[in-house]
Every structure is written in structure tokens, then in C-alpha cells.
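Take a look at the structure set out below.
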Amino acid sequence: MKFIGELTADRKLAVEEEHLESLILQEQLLRLRTGTICALNEMLDLKDLSTGLHSSRLAEWAVRIGERLGVTESESRDLEAGAILHDIGKNGVSESILNKPGQLNAEERKQIERHSEYGWAILRVIPGFERTALLVLHHHERTDGTGYPAGLARDEIPIGSKIIAVIDSFDAMVSDRCYRKGLPVEEAIRRLKAGVGTQFDENIVELFSAIAVHDLSEVNNSVGVY
């Protein structure tokens with residue numbers, strides 16, 4: 001009986017050690033994932049400082065909308081990463097196009113539209129970022145099917161991509177650019193609502209509009225609108 005008791009104690013210790021090792025591994029993987037996201041975002045900052053900061057703002061909004069839609073914890077992590085890294089493909093676009101003060105011509109527009117595919121190509125080869133890569137690939141699709149790169153419509157578009165599309169457009173509208181001043185928050189919300197059914201998902205626009213109105217002063221401060 002003593003021998004059996006010793007075996008039981010040894011087995012219990014082994015299980016506890018395995019559990020501890022599993023927790024350590026999970027922590028290491030989480031730190032690796034976080035470090036990868038931060039490194040890629042820093043790379044984006046080196047390409048275009050305003051783009052990197054813009055991406056960081058979107059992460060909080062995306063997660064808050066996702067919570068209201070009841071996404072899982074895993075889906076929320078992918079959504080947060082997608083919001084931060086949605087423009088990572090702009091590293092493959094010429095700075096002369098990204099920083100052009102005037103309107104883009106047809107060829108320049110075609111080049112900048114490739115950034116979602118470039119982003120997908122970068123992220124899909126990183127273990128654990130496969131679903132994030134798809135969110136990035138489709139964040140410029142439109143609900144009426146006229147977006148890019150695949151021309152997806154309505155429920156064909158990943159929910160995370162729909163969320164990124166709304167908050168990305170909002171932040172772009174209210175932020176200053178080299179070729180124009182940002183719009184007032186109220187006008188940006190009006191334009192989001194005007195795009196429901198053609199460009200944006202109605203439910204997501206309503207959810208985000210409520211967040212923006214509730215946090216109006218915070219939104220204004222975060223994007224430099226006064």
C-alpha cells in the first residue's frame with residue numbers, strides 16, 4: 001500500500017509539473033504573438049508614422065465592437081491583431097504613392113489597392129496568424145460586392161473584416177491627411193450611415209456610432225479633432 005501511495009504521489013507531482021510546463025509554454029506563445037504584432041506595427045511606423053498610429057487606435061474600437069457582437073476570445077484576439085495590422089501590406093507600396101498630396105491616378109490607385117493582398121501574403125505564413133490574414137485580405141470588401149480584392153458581398157465577408165472596414169473608414173475620415181483636413185466626428189458618422197447597405201454592415205455601423213457618440217470627446221482627442 002505504501003508503494004501504491006508513493007506511485008500516486010509521484011503521478012500527482014508529474015501532472016502538476018506538466019500543467020506548469022503547459023502554462024509556461026502558453027505564456028511564451030502569447031509573448032511571441034504579442035511581440036510579432038508589435039514588431040510588425042513598428043515596421044509599419046517606419047514606413048508611415050501616421051499609418052502605424054492609426055492602426056493602434058483601431059484595435060480598441062474593434063475589440064469593443066466584437067464584444068458587443070459576442071465574438072469568442074480567440075476571435076477577439078484575431079480581430080485585435082487584424083485591426084492593428086490591416087495596413088501592413090502598405091510596406092509593399094511606394095512611399096511616393098502613399099504620401100502623394102493630390103489625387104491618385106488609375107495606376108496608382110491600383111497599386112495601393114494591392115496592399116490588402118500584400119498584407120495577407122505577409123501574415124498567412126506566420127503560424128497562428130492565418131485567420132488574421134483573412135481579415136486583412138478582405139477589409140476593403142463592400143456589402144454590395146463592389147469592393148476588393150475578391151468582390152465578396154454581405155455574409156461572404158468575414159465579420160472581422162466588416163468591423164475593420166467601418167472603423168478604418170471612420171478614422172480615415174476624421175484624421176488629417178497631407179491633402180486635406182479631417183472631418184468633424186458627426187459628419188463622419190453621417191457618412192458611415194449613408195454607406196449602409198452599399199459599403200458597410202448596418203449592425204456594425206450602429207454599434208460603432210453608439211461608441212463614437214458616447215466617447216465623443218475621447219475620439220476627438222485621439223484623432224486630433226477639436
task = Determine yes or no for a side-chain-to-main-chain donor-acceptor pair under 3.5 angstrom, with D78 supplying the side chain and E75 the backbone.
result = no
Polar side-chain atom of E141 near backbone of G151 as donor-acceptor pair, under 3.5 Å = yes
inquiry  = Please check: side-chain N/O of T143 versus main-chain N/O of T198, any donor-acceptor pairing under 3.5 Å?
reply    = yes
task = Give the minimum heavy-atom separation between V125 and I122, together with the two atoms involved.
result = CG2-O, 3.2 Å
query = Can you find a heavy atom in the side chain of M173 that is under 4.5 Å from one in the side chain of L192?
reply = yes
query = Heavy atoms, side chains only, cut-off 4.5 Å: are I163 and L69 in contact?
reply = yes
request  = Answer yes or no: is there a side-chain heavy-atom contact under 4.5 Å between F170 and I189?
outcome  = yes
ask   = Is any side-chain heavy atom of L40 closer than 4.5 Å to a side-chain heavy atom of M43?
value = yes
ask   = Side-chain heavy atoms under 4.5 angstrom apart, residues restricted to Ile, Leu, Val, Met, Phe, Trp, Tyr: same cluster for V185 and I65?
value = yes
request  = Verify, without hydrogens or angle tests, whether D87 (side chain) and K90 (backbone) share a donor-acceptor contact under 3.5 angstrom.
outcome  = no
query = How long is the span from the CH2 atom in W61 to the CG atom in D168, to the nearest 0.5 Å?
reply = 10.0 Å
query = Under a 4.5 Å cut-off applied to non-hydrogen side-chain atoms, are V93 and Y118 in contact?
reply = yes
inquiry  = Tell me whether F200 shares a hydrophobic cluster with L183, the cluster being built from Ile, Leu, Val, Met, Phe, Trp, Tyr side chains joined at under 4.5 Å.
reply    = yes
request  = Please name all residues satisfying side-chain hydrogen bond (donor to acceptor under 3.5 Å, both in side chains) with Q111, sequence neighbours left out, ordered by chain then number.
outcome  = E107
key: Side-chain ion pair, E186 and R190, N-O less than 4.0 Å   = no
inquiry  = Working to the nearest 0.5 angstrom, can you tell me the gap between H86 NE2 and L123 CG?
reply    = 12.0 Å
message = Run the side-chain contact (heavy atoms from CB on, under 4.5 Å) test on I159 and I204 for me, step by step, so that the C-alpha distance in whole Å, both residues' side-chain angles and the decisive distance to 0.1 Å come before the verdict.
response = CA-CA 9 Å; I159 187 67; I204 293 171; 3.8 Å; yes
ask   = Going from CG on L98 to CD on E108, what distance comes out if it is rounded to the nearest 0.5 angstrom?
value = 10.5 Å
remark   = d(H139 NE2, S169 OG) to nearest 0.5 Å is 9.0 Å
task = Please step through side-chain contact (heavy atoms from CB on, under 4.5 Å) for the pair L134 and W120, ending with a clear verdict.
result = CA-CA 6 Å; L134 286 176; W120 170 78; 4.2 Å; yes
query = Step by step, would you call I211 with R68 a side-chain contact (heavy atoms from CB on, under 4.5 Å)?
reply = CA-CA 11 Å; I211 291 173; R68 286 161 172 76; 4.1 Å; yes
ask   = In this structure, which one of I37, I164, V136 forms a side chain to side chain contact (heavy atoms under 4.5 Å, CB included) with I84?
value = I37
query = Is there a side-chain contact between E117 and L137 (heavy atoms, below 4.5 Å)?
reply = yes
query = Are L32 and F129 joined in one hydrophobic group, where the rule is that I, L, V, M, F, W and Y side chains link up if heavy atoms are under 4.5 Å apart?
reply = no
query = Quick check: are there more than 12 heavy atoms from other residues, nucleotides or ligands sitting under 6.0 Å from CD of E202?
reply = no
ask   = Do H138 and K162 have side chains that get closer than 4.5 Å, going by heavy atoms?
value = no
Pairing residues for R77 by the side-chain contact (heavy atoms from CB on, under 4.5 Å) criterion, not counting sequence neighbours = R33, E73, S74
query = If we only count heavy atoms from C-beta on, is the I167 to F208 side-chain gap below 4.5 Å?
reply = yes
ask   = Relative to the ring of Y148, is the ring of H115 parallel (under 30°), tilted (30 to 60°) or perpendicular (over 60°)?
value = perpendicular
query = Are V63 and L135 joined in one hydrophobic group, where the rule is that I, L, V, M, F, W and Y side chains link up if heavy atoms are under 4.5 Å apart?
reply = no
